[in-house]
Amino acid sequence: MEDIRGAIIGAVVFSYLVSFFIHAKNNVKAPVAGRSSWLTPSFLLRYRFCRNASSVIAQGYNQGKTSMFRLLCTDMDLLVVSPKYVNELRSLPESDLNMSHALYRSLLGKYSMLQLNLSSNIITRSVLTKLTPALPLFIPIMQEELKLATSVAIPECKDKWEEIDLRDVLTRIIARMSAHMIVGPDLCNNEAWLDASINYTETAIANGIILRLVPAFLRPIVYQLLPTAWKAKRCVRESKRLIVPLVEQRRKEQAENLQGYVKPNDFVQWMMDLANNDDERDSANIAHRALIMSQASIPSSTLGATQTLYDLCAHPEYIDPILEEVVAVIKEDGVLGQKALQRMRKLDSFMKESQRMNPPISLTFQRYACKSLTLSDGVKIPQGTQLCVASGAIAADPQLFHHPERFDGWRYYNKRLNPAEENRHQFTSVDRDSMHFGYGTHACPGRFFTSNEVKMIVIHFLLKYDLAFRPGEGRPKNMTHDEMIFPNLAARILIRERETQR
Ligand code: HEM
């Protein structure tokens with residue numbers, strides 16, 4: 001073990017030293033973020049990106065706001081383009097500018113188990129054509145799962161404050177709420193499935209991110225040694241053990257079509273129905289894609305809900321007006337349905353402001369140039385370039401946002417008071433000032449689902465519990481790794497059941 005460790009450290013040091021002398025070749029004429037002199041070694045810039053990407057990106061954005069700048073990331077170079085190009089870029093065909101390929105490269109897909117995303121877009125098709133139209137049907141189901149999951153995940157806290165790891169609690173609640181939609185009622189409270197879906201989300205992408213730090217030629221060896229890789233593979237085996245028989249059983253029942261047969265309505269079934277080649281029909285692939293769907297939905301919604309609840313603790317003056325709106329809307333509609341959730345504009349605005357100040361990722365719209373491209377103003381993008389937009393820096397730009405450093409929970413609510421803009425600036429809206437869900441054809445198709453999920457959770461928590469930071473502590477500072485931003489993993493908050501629930 002000592003020998004292997006020594007060899008790995010030696011190889012990493014060697015590759016960093018080589019990078020001191022060799023600056024990456026790139027034909028794009030754009031400044032490199034953070035490089036003040038030609039002598040600044042690439043490895044130092046890559047190290048800075050790994051440790052403090054947000055400030056490196058902000059520096060680059062301010063240098064190259066109107067055009068583009070280059071980022072030397074931990075293991076690759078990125079071309080960050082101005083939002084003025086996104087409309088032009090979004091209309092290019094996949095054969096020229098590709099999203100799946102970019103994601104695969106960025107997350108080292110070979111090691112973060114994303115191969116199935118390259119061979120088919122059935123996950124996205126299922127979300128767009130089946131999940132989004134079915135959202136109203138899922139609201140009462142998710143409500144029920146939310147109540148059950150909350151009662152299990154939160155310790156007894158009547159008349160007393162209990163300390164909780166909010167991110168961990170929300171992971172369990174969201175895993176359960178999402179599971180009903182992904183694998184249906186038979187498996188949604190199966191502990192083995194819930195563990196597999198949670199552990200996969202915490203390990204599969206982590207493998208790719210850890211391996212960004214390792215020189216390419218050593219990755220196949222280091223991957224075999226990573227405990228997170230063993231765990232992710234175990235999750236895939238477990239999902240196949242649970243879902244393959246479910247798929248086979250469903251196929252049998254569908255073929256028999258006995259009286260009383262009702263086709264299930266969940267992500268596994270949608271993939272079965274939409275499959276149009278052997279890869280998509282394969283039961284083992286359906287099982288693995290159910291895990292990838294969990295990975296797309298659980299951590300992202302968890303981060304959104306955690307950040308929103310932290311912001312409510314930090315700005316408690318917003319709680320009463322949000323709750324007044326919630327109660328009034330539910331009273332008017334008689335039920336918490338899709339329309340009611342959409343009408344909660346104050347809550348929507350608060351969530352969007354929380355996301356603006358705490359985006360889960362500071363670079364989105366990642367695309368890979370499969371061919372050399374020439375943009376309408378003559379700018380050339382060579383084949384093999386990976387490009388993206390600085391969505392985090394855009395959201396903090398004082399030319400676009402009044403006092404961007406201030407948390408203003410009604411920022412978007414107020415904009416929507418203008419009748420001409422009342423359908424814009426929603427949590428789910430994507431535009432050139434708000435690209436946390438990406439942009440264009442590939443903009444996150446799950447954002448409508450996540451919006452409902454986070455709203456339901458916030459409402460449930462506000463009605464049932466009091467939340468507070470521990471005495472003497474304020475809002476936990478976010479942590480970062482490369483372009484990723486997440487709530488502090490060590491943070492704990494206090495929770496108490498309300499005496500009179502609202
Ligand atoms: C706050 C929560 C979420 C955030 C911030 C988020 C963010 C993103 C971003 C930035 C992209 C890339 C878009 C682009 O490059 O233009 C994306 C893609 C995607 N997201 Fe989300 N997402 C969230 C929740 C979800 C959920 C809950 C689901 C599933 C129900 C989901 C499913 C997907 C899928 C399938 C894609 C790939 C789209 C494609 O290939 O065209 N996301 N998401």
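Nothing here was measured: the structure is a model prediction, and the numbers come from that model. Atoms within a ligand are numbered from 1 in the order they appear, just like the ligands themselves.
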Tabulate distances under 3.5 Å between N/O atoms of ligand 1 and N/O atoms of the protein, writing both atom names on each line.
unit_1: ligand 1; atom_1: 15 (O); unit_2: Arg367; atom_2: NH1; d: 2.8
unit_1: ligand 1; atom_1: 16 (O); unit_2: Arg367; atom_2: NH2; d: 2.9
unit_1: ligand 1; atom_1: 16 (O); unit_2: Tyr439; atom_2: N; d: 3.0
unit_1: ligand 1; atom_1: 16 (O); unit_2: Tyr439; atom_2: O; d: 3.4
unit_1: ligand 1; atom_1: 40 (O); unit_2: Thr124; atom_2: OG1; d: 3.2
unit_1: ligand 1; atom_1: 41 (O); unit_2: His442; atom_2: ND1; d: 2.5

Query raised in the report: Does a side-chain N-to-carboxylate-O contact under 4.0 Å join Lys231 and Glu202?
Result: no
**Report entry** Minimal non-hydrogen separation, Asn207 against Ala229, with atom names
**Finding:** OD1-N, 3.2 Å
Report task. For the pair His315 and Phe407, name the ring-plane relationship: parallel under 30°, tilted 30 to 60°, perpendicular over 60°. Result -> parallel
Query raised in the report: Can we say Glu325 and Lys346 salt-bridge, meaning some charged N sits less than 4.0 Å from an Asp/Glu carboxylate O?
Result: no
Report task. Decide whether Asn52 and Ser55 meet the rule of one side-chain donor and one side-chain acceptor closer than 3.5 Å. Result -> yes
Query raised in the report: Is the ring centre of Phe437 less than 6.0 Å from the ring centre of Phe427?
Result: yes
